[in-house]
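Encoded as structure tokens, the structure appears first; notes follow it.
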Number of protein chains: 2
Amino acid sequence: MTEERSTYQRLQTELADLIQKAPKGSKLPSEPLLAEQMGVSRATLREAMRTFESQGMLKRQQGVGTFVVGPTQVIDSGLEVLESIETLAERIGLEVTMGHFEFTHLQASARQSNKLVIALGDPVIEVRRVIMMHDSPVAYLVDVLPEHVLDPETLATRFTGSVLDLLITIGDPPLSTSKTEISAIHAPVEVAKALNIQRGDTLLLLRALLFNESGDPVDYSHSYFLPGYFRLHIIRKIGGVTT
Amino acid sequence: MTEERSTYQRLQTELADLIQKAPKGSKLPSEPLLAEQMGVSRATLREAMRTFESQGMLKRQQGVGTFVVGPTQVIDSGLEVLESIETLAERIGLEVTMGHFEFTHLQASARQSNKLVIALGDPVIEVRRVIMMHDSPVAYLVDVLPEHVLDPETLATRFTGSVLDLLITIGDPPLSTSKTEISAIHAPVEVAKALNIQRGDTLLLLRALLFNESGDPVDYSHSYFLPGYFRLHIIRKIGGVTT
DNA sequence: CATTGGGGATTTGTCAGACATTTGAACGTA
DNA sequence: TACGTTCAAATGTCTGACAAATCCCCAATG
């Protein structure tokens, strides 16, 4: 029953140890040297390193070397209350900035019109932006709103980085709740591009539908978070005991 | 500004397409053949495939071939109410079974005693088990409880697969709430072993501290979920506008 | 002296080919 | 039929090589 571990598996364990022990930002030995130390070929070593790179634990640069990307400060937030990353960051004294930002004019797709309870093809605004922390992209946010909720002029003149904060300020009727769905997904191509990661890397995804006090949906958003930078928590109540 | 994409990046995109389009469970062409089709060497192809394998999208077997692991049915649960996976699964008509199960007798570590508000070294019981769905491991659960909450005899005789359900049944005083922390992490070695994945693969982690009606913590648990099998949602309320 | 422009060394990126190991199926034999 | 052998196919690993990017030192130049 002593299952033999393959060279690759053994190597991956050793690599994980090495990476965890290595100081953040430090440079790893060169591939030929490391392969010799680990007792494997360079090809096998590279296969193993790819997985760590795809998980954002390693950065490689041709002609330079391979570097350990250390764990960084995490954004810790309670999920019961809906607040923007910007507001949260300010509250806990964390510095975040907005990276790439764009908004486009669209006609509601089938999914969007369904979620927002509007007619197919109704005008909507799509807002996309990247959240940066310490000059690294950590989140990618996409909001879709009916145009009657947020017109382009208001967006252009009063947007400060957070759609949610803007909606809270100008919302009429005011906002009340959101239904948020939490999952882990593999990065779609456009998100991977924006966050400068590999397509297929794993992300924490919060899909939220935002309602005003009349119960009308006003915003359908996707928030893609880089794992490791965020810790979300929630108070849960014991449910009905069906047994 | 037209950034050149490396062979590897192009290959990964093509592979992602191929995998998404391929029927679930289908067999991929052999590595030499696929490498020729993609116009890359076998070594490069293998590097790219490793990342998909480490994310559970591919299964490879020496002497047999490489297979696409299709997206499977997801477990969809609201987070406001705390209920066991078993109860949830039963409610929505999903078949889950218990894989490996073990419990051990320990003395509380610093972290555990801190979380459970007991003395360092106090006797605790640690319960570990694997949740299976369609014969695949999908979650790994670890519960730590003070022995005065759950004694070994009760555990041995009345455990049906869920510590939470057991605590709800025998809890005295009854359970009330839990504080749950949601994050995405890279699989520690013992979890990777239990779930039959690679160390370092990304997992959804729910860390929960369970309280009874007296406000005493009675259970400190870690739930490791395989991404893709779970979708969790929550209703959030608009917070105070600090501005 | 400050700046620029070459080498050259180092490192990662990619490739070609080879052999080892595992598996499954076909085949032959008792 | 049942069982063991053989063999082809597929992944696992290794070796060696060259290409491309980067960095650093140093000489030439103003």
Side-chain angles (χ1 to χ4, degrees), chain A residues 1-15 18-19 22 25-69 192 196-201, chain B residues 1-15 18-19 22 25-69 192 196-201:
Chain A
M1 216 44 182
T2 54
E3 191 174 328
E4 291 278 339
R5 300 188 72 201
S6 68
T7 302
Y8 173 79
Q9 285 180 313
R10 176 179 55 79
L11 177 60
Q12 195 160 33
T13 302
E14 289 181 21
L15 260 185
L18 183 67
I19 291 173
S26 65
K27 188 177 165 198
L28 290 184
S30 72
E31 292 180 356
L33 182 60
L34 197 54
E36 191 195 342
Q37 288 178 4
M38 301 281 195
V40 299
S41 73
R42 209 183 133 212
T44 303
L45 174 68
R46 282 180 59 83
E47 284 191 30
M49 294 213 298
R50 273 291 185 204
T51 69
F52 290 101
E53 190 204 359
S54 79
Q55 287 156 10
M57 301 166 75
L58 290 180
K59 284 281 184 209
R60 311 158 87 181
Q61 196 180 358
Q62 185 172 356
V64 184
T66 305
F67 301 87
V68 175
V69 182
N196 198 24
I197 57 175
Q198 292 295 337
R199 175 178 184 173
D201 284 4
Chain B
M1 216 46 180
T2 53
E3 192 173 328
E4 290 277 338
R5 300 190 71 201
S6 68
T7 302
Y8 173 78
Q9 285 180 311
R10 178 178 53 78
L11 177 61
Q12 195 163 35
T13 302
E14 288 180 22
L15 260 186
L18 182 68
I19 292 173
S26 65
K27 187 175 167 210
L28 254 47
S30 73
E31 291 182 357
L33 184 59
L34 197 54
E36 191 194 344
Q37 289 178 4
M38 300 282 195
V40 298
S41 73
R42 209 184 134 211
T44 303
L45 175 69
R46 280 180 60 84
E47 284 191 29
M49 294 213 299
R50 272 293 185 204
T51 70
F52 290 100
E53 190 204 0
S54 79
Q55 287 159 8
M57 299 165 76
L58 290 180
K59 285 279 183 209
R60 311 157 87 181
Q61 197 181 355
Q62 185 172 357
V64 184
T66 305
F67 301 87
V68 176
V69 181
N196 198 27
I197 58 176
Q198 292 297 335
R199 174 177 186 174
D201 284 5

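Chain letters run A, B, ... following the sequence lines, proteins first, then strands; residues in each count from 1.
Under the 4.5 Å side-chain criterion, counting only non-hydrogen atoms from C-beta, M38(B) is in contact with L15(B).
Residue pairs that meet the salt bridge (charged side-chain N to carboxylate O under 4.0 Å, His left out) test with at least one member in residues 56-67 of chain B, sequence neighbours left out, are E31(B)-R60(B), E53(B)-R60(B).
In this structure, E53(A) places its CD atom 11 Å from C1' of dT12(C), rounding to the nearest Å. For the pair E47(A) CD and dT14(C) P, the computed distance is 13 Å after rounding to whole Å. Here dT12(C) presents its P atom at 6 Å from CE of M49(A), a figure rounded to the nearest Å. The distance between atom NZ of K27(A) and atom C1' of dT12(C), rounded to the nearest whole Å, is 11 Å.
On the nucleic acid side, DNA chain D has its first and last nucleotide under 4.0 Å of a heavy atom of chain A at dT13(D) to dT22(D), going 5' to 3'.
Between its two ends, the helix from dC1(C)-dG30(D) to dA30(C)-dT1(D) turns its axis by 0°, counting five pairs per end and rounding to 10 degrees.
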Once each nucleotide of nucleotides 22-27 of chain C is scored for protein heavy atoms under 4.0 Å, what B/S/- sequence comes out, 5' to 3'?
-> BB----
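With sequence neighbours excluded, the residues satisfying side-chain contact (heavy atoms from CB on, under 4.5 Å) with Q37(B) are P29(B), L33(B), L34(B). Take Q61(B) and apply the side-chain hydrogen bond (donor to acceptor under 3.5 Å, both in side chains) test, not counting sequence neighbours, and it matches no residue. Legend: residues meeting side-chain hydrogen bond (donor to acceptor under 3.5 Å, both in side chains) with S41(A), ordered by chain and number and at least two apart, are T44(A). For the salt bridge (Lys or Arg N to Asp or Glu O under 4.0 Å) test, no residue two or more places apart in sequence or in another chain qualifies with E36(B).
Contact annotation: R60(B) does not reach the phosphate of dT21(C) (side-chain N/O to OP1 or OP2, under 4.0 Å). OP1 or OP2 of dG13(C) sits under 4.0 Å from a side-chain N or O of R46(A).
The shortest heavy-atom contact between V68(A) and A22(A) is CG2-CB, 3.8 Å. In terms of heavy-atom proximity, A35(B) sits nearest to L45(B) at N-CD2, 3.7 Å.
In this structure, T66(B) OG1 and M49(B) CE are separated by 4.5 Å, a value rounded to the nearest 0.5 Å. Expressed to the nearest 0.5 Å, how far CD of E47(A) lies from OG1 of T51(B) amounts to 10.5 Å.
Interface residues of residues 29-42 of chain B facing DNA chain C, ordered by number: G39(B), V40(B), S41(B), R42(B); criterion, heavy-atom separation under 4.0 Å.
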